Amino acid sequence: MTHPTDGSCIFCKIVADQIPCFKLLEDEATIAFMDINPVNPGHALSVAKGHWPTVDVIPPEVLGAVARTAQRVAKAVITELKPNGVNLLQANGEGAGQSVPHLHIHIMPRLPNDGVALNWGYKPGNKDEIEAIYKKLKAAL
Ligand code: AMP
Ligand code: ZN
C-alpha cells in the first residue's frame with residue numbers, strides 16, 4: 001500500500017525508517033511509538049502512515065485505523081501502567097497546539113496533580129448562541 005509522504009516531515013521520516021523511534025506496533029495504515037517529550041510516563045502516539053495533516057483531509061478509513069491503534073495502545077497503558085486516567089488527544093492546526101502537521105492521536109496517561117491544562121470547568125452557554133451555531137453546522141452535514 002502506498003501512502004502520501006512529505007520529505008520534510010518528521011513523522012514521515014519515522015514511517016520510512018529514516019529516523020529511529022521506540023516503535024510499539026505497526027499495521028498497514030498506522031504506526032504507534034513513544035512520544036519523546038512525554039507529558040507523563042507512557043505518553044505515546046498513534047500515527048497514520050500517510051502524510052495527511054489534519055482530521056478534515058485524512059480519509060475516514062485511515063482515521064478509523066488510527067483510532068483503533070490508539071485504543072490498542074491505550075489498553076496496554078491502562079493495564080501495564082495503571083495511570084489515574086488516559087486522555088486521547090488529537091490537535092488540528094497551530095491554534096489547537098498541533099506542532100507536527102501529520103495526523104496523530106496522543107495516548108496521554110494522566111496522574112494526580114500533573115498540571116496538564118486540558119480539562120475545563122463547566123460554564124453554562126447561551127442557548128441562542130448554541131442554537132445559531134447548531135443550525136449552521138447541521139446545514140453543513
Ligand atoms: P502535536 O503537538 O499534537 O502535533 O504533537 C506532536 C508530538 O510529537 C509532541 O508531543 C512531540 O513531543 C512529539 N514528537 C516530535 N518529534 C518526535 C519524535 N522524533 N519522536 C517521537 N515523538 C516526537
Ligand atoms: Zn508526514
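Computed from a predicted model, the values in this text were never measured in an experiment.
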**Report entry** Partners meeting side chain to side chain donor-acceptor pair (under 3.5 Å) with R72 (sequence neighbours left out)
**Finding:** none
Using 0.5 Å steps for rounding, measure from the [atom1] atom of [X] to the [atom2] atom of [Y].
X	Y	atom1	atom2	value
C9	I14	SG	CD1	8.5 Å
I58	L63	CD1	CG	5.5 Å
H3	W52	NE2	CH2	7.5 Å

Report task. Please test M34 against L24 for side-chain contact (heavy atoms from CB on, under 4.5 Å), starting from the C-alpha separation and ending with a verdict. Result -> CA-CA 7 Å; M34 303 305 292; L24 291 162; 3.8 Å; yes
**Report entry** F33 side chain reached by I31 side chain, heavy atoms, under 4.5 Å
**Finding:** yes
Query raised in the report: What orientation do H102 and H51 show, parallel under 30°, tilted 30 to 60°, or perpendicular over 60°?
Result: perpendicular
Do you reckon [X] sits in the same ILVMFWY cluster as [Y], going by side-chain contacts under 4.5 Å, direct or chained?
X	Y	value
I36	V116	no
F22	F11	no
I78	L81	yes

Query raised in the report: Is the count of non-hydrogen atoms from other residues, nucleotides or ligands lying under 6.0 Å from E94 atom CD greater than 12?
Result: no
Tell me the closest heavy-atom pair linking [X] and [Y], and the distance in Å.
X	Y	answer
P83	V86	CG-CG2, 3.7 Å
N92	V55	OD1-N, 2.8 Å
P109	G42	CG-C, 3.6 Å
A29	V62	O-CG1, 4.5 Å

Report task. Could you name each residue pair satisfying salt bridge (charged side-chain N to carboxylate O under 4.0 Å, His left out) that touches residues 3-15, not counting sequence neighbours? Result -> none
Requested in this report: Could you walk me through whether L103 and V66 pass the side-chain contact (heavy atoms from CB on, under 4.5 Å) test, one step at a time?
Outcome: CA-CA 9 Å; L103 192 134; V66 177; 4.2 Å; yes
Query raised in the report: Does the Q98 side chain pair with the main chain of P53, one donor and one acceptor, at a distance under 3.5 Å?
Result: yes
Query raised in the report: Step by step, would you call V73 with S46 a side-chain contact (heavy atoms from CB on, under 4.5 Å)?
Result: CA-CA 8 Å; V73 174; S46 170; 5.6 Å; no
Report task. Give the intermediate values and the outcome of side-chain contact (heavy atoms from CB on, under 4.5 Å) for residues L25 and T69. Result -> CA-CA 8 Å; L25 64 88; T69 293; 3.6 Å; yes
Requested in this report: Output, in order, the C-alpha distance, side-chain angles, deciding distance and verdict of salt bridge (charged side-chain N to carboxylate O under 4.0 Å, His left out) for E26 and K49.
Outcome: CA-CA 9 Å; E26 178 173 21; K49 281 190 173 170; 3.1 Å; yes
Requested in this report: For the residue pair R110 and N87, confirm or rule out a side-chain donor-acceptor distance under 3.5 Å.
Outcome: yes
